[in-house]
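Structure first, commentary second.
Small disclaimer: the values here were computed from a predicted structure and weren't measured. Order of the sequence lines fixes the chain letters, A, B, ..., with proteins taken first and strands second; residue numbering starts at 1 for each chain.
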There are 2 protein chains.
Amino acid sequence: MVKRTSFEGDACPIARALEAIGDWWTLLIIREALFGLRRFGEFQSKLGMARNILSVRLRSMVDQGILETAPASDGSAYQEYVLTPKGRGLFPILVALRQWSEEFDDHPEEITTILVDRAKGRPVRKLELRAEDGRLLSQPDTMLKLRPAPRRRSA
Amino acid sequence: MVKRTSFEGDACPIARALEAIGDWWTLLIIREALFGLRRFGEFQSKLGMARNILSVRLRSMVDQGILETAPASDGSAYQEYVLTPKGRGLFPILVALRQWSEEFDDHPEEITTILVDRAKGRPVRKLELRAEDGRLLSQPDTMLKLRPAPRRRSA
DNA sequence: CCAAATGGTTTTATGATGCAACCACACATC
DNA sequence: GATGTGTGGTTGCATCATAAAACCATTTGG
């Protein structure tokens, strides 16, 4: 067994997320889905990716509850792939990736889009991490704590 | 050329970020580095990953300016890998991944850690995306806008 | 100087990915 | 209802990336 090591069952939530969406194309498919793409062919032509891989990824995301298949929408009998709440919940991850590129990419001039507030058309702020009481936190202000084990009835 | 398609040169900042840190182990290495790990052996034993892959990843991250090698720190003549500001800038991405797992994972009880505010020991809030004027934004409140092309002297 | 630990590189096997060709079904046309 | 076209995939095959283990060089410790 030399398979790509799986992070399934790992206690770290980051590893668990990567297990779900860490594949090469997955987040880009999500990006397009958030944009409104729904059909197999739309994803394929927009992303230019191999169709077999797209097929596998879509099925995997459906299995994980990130996407679900909807019977139709424009009348045709084909199916569509739409984001579930779990899928839409990936939005902050995409924003974080985008902002990191915007801030640190070596050639930021090649980035041609900006994420703006729809109401005002103005760029959004950077993602903010805050404490319960509202203080802005950066990494050194945080730490990891063991979660108290949930009560179990028996050993 | 059947190589894994590279997103390099893609105008999408998400694709660019994935090109940099979308590899299987990269973000977990960053996670450990944020935790304070510095040495090759520390990463290897903590993550349990193959040493050749670790070697390639570390070199790649150094090349990209995410890590840098420091000559020593505990006196020994070995080198260490420490995060640059660009590397520390990945923190929000890790937080976003963590929070997504916490919220949507099918077995959240297996997640044993929580990210807390160091000062109070209380869990942090969810990442917030805000408009310039401070309004909280969710995905439908946002849109992508073409960035005005930066002025070029000649065609 | 010898032994063991550290920090890797090389070798080899296998899984993942990409590309192209193929197939099945839906839908439109006659 | 036979024919043709587009959508939505699956199947082979070639190549790349990854994993595991063996190997090597340097450092540290005795």
Side-chain angles (χ1 to χ4, degrees), chain A residues 1-10 15 18-29 32-33 36-64 67-82, chain B residues 1-10 15 18-30 32-33 37-64 67-82:
Chain A
M1 275 170 294
V2 203
K3 58 183 295 193
R4 188 169 65 177
T5 52
S6 162
F7 305 134
E8 188 182 4
D10 193 310
L18 291 175
E19 176 74 15
I21 56 155
D23 271 305
W24 263 109
W25 290 101
T26 304
L27 279 174
L28 296 180
I29 295 170
E32 299 303 332
L37 295 200
R38 294 161 157 257
R39 299 276 283 253
F40 185 95
E42 288 178 330
F43 289 113
Q44 201 275 322
S45 62
K46 188 80 191 309
L47 291 171
M49 65 184 294
R51 291 149 71 142
N52 53 350
I53 303 298
L54 175 58
S55 181
V56 171
R57 291 286 171 277
L58 288 174
R59 197 186 343 274
S60 160
M61 285 190 271
V62 169
D63 289 347
Q64 293 183 77
L67 293 176
E68 60 189 2
T69 54
S73 102
D74 66 338
S76 84
Y78 295 112
Q79 66 178 352
E80 304 187 335
Y81 298 89
V82 297
Chain B
M1 275 169 295
V2 205
K3 56 186 296 193
R4 186 170 66 176
T5 52
S6 161
F7 305 133
E8 188 182 6
D10 194 310
L18 291 175
E19 177 74 17
I21 56 154
D23 271 305
W24 264 109
W25 290 100
T26 304
L27 280 174
L28 296 181
I29 295 170
I30 302 289
E32 299 304 331
L37 295 201
R38 295 162 158 257
R39 300 277 283 251
F40 185 95
E42 288 178 331
F43 289 113
Q44 200 275 324
S45 63
K46 187 77 192 306
L47 291 170
M49 66 184 293
R51 291 149 72 140
N52 53 350
I53 303 297
L54 175 58
S55 180
V56 171
R57 291 285 172 277
L58 288 174
R59 197 186 342 273
S60 161
M61 287 191 271
V62 169
D63 289 347
Q64 293 182 79
L67 293 176
E68 59 189 3
T69 54
S73 102
D74 65 338
S76 86
Y78 295 114
Q79 69 179 349
E80 303 187 334
Y81 298 90
V82 296

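Distance check, rounded to the nearest 0.5 Å: CG of A:Leu47 to CD of A:Glu42 gives 11.0 Å. For the atom pair B:Met49 CE and B:Ile29 CD1, the distance stands at 4.5 Å (nearest 0.5 Å). Interatomic distance, A:Ile21 CD1 to A:Leu27 CG, rounded to the nearest 0.5 Å: 4.5 Å.
Between D:dG9 and A:Ser55, no contact under 4.0 Å exists linking OP1 or OP2 to a side-chain N or O. When the side-chain nitrogen and oxygen atoms of B:Trp25 are compared with OP1 and OP2 of D:dT18, none of them lie within a distance under 4.0 Å. Phosphate proximity of C:dG8 to B:Gln79: present, with a side-chain N or O under 4.0 Å from OP1 or OP2. One finds no side-chain N or O of B:Arg51 lying less than 4.0 angstrom from the OP1 or OP2 phosphate oxygen of D:dA20. For A:Arg39, no side-chain nitrogen or oxygen approaches OP1 or OP2 of D:dT7 to under 4.0 Å. At least one side-chain nitrogen or oxygen of B:Arg59 sits closer than 4.0 Å to the OP1 or OP2 atom of C:dT9. The phosphate of D:dG8 (OP1 or OP2) has no side-chain N or O of A:Arg38 nearer than 4.0 angstrom.
Put simply, the side chain of A:Gln44 never gets that close to the backbone of A:Phe40: no donor and acceptor are under 3.5 Å apart.
Not counting sequence neighbours, the partners of A:Ser60 by the side chain to side chain donor-acceptor pair (under 3.5 Å) test are A:Gln64. A search for salt bridge (Lys or Arg N to Asp or Glu O under 4.0 Å) contacts involving B:Glu68 returns nothing, not counting sequence neighbours.
C:dT17 atom C1' lies 15 Å from atom CG of A:Leu28, rounded to whole Å. For the pair A:Glu80 CD and D:dG8 C1', the interatomic distance rounds to 13 Å; values are reported in whole Å. Atoms CD1 (B:Ile29) and C1' (C:dG7) sit 15 Å apart, rounded to a whole Å. With rounding to whole Å, A:Met49 atom CE is found 15 Å from C:dA20 atom P. Here D:dA25 presents its P atom at 17 Å from CZ of B:Phe40, a figure rounded to the nearest Å. Rounded to whole angstrom, the span from the CG atom of B:Asp23 across to the C1' atom of C:dT17 amounts to 13 Å. Per the geometry, CH2 belonging to B:Trp24 stands 16 Å off P belonging to C:dG15, to the nearest Å. Nucleotide D:dA20 holds its C1' atom 14 Å from the CG atom of B:Leu54, rounded to whole Å.
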Please enumerate all protein N or O atoms sitting under 3.5 Å from an N or O of nucleotides 3-5 of chain C, with distances to 0.1 Å.
none

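Residues A:Phe43 and A:Leu37 approach most closely at CZ-O, 3.4 Å, considering heavy atoms.
When the nearest nucleotides of DNA chain D are assigned to A:Tyr81 and A:Asn52 by heavy-atom distance, the more 5′-ward of the two goes with A:Tyr81.
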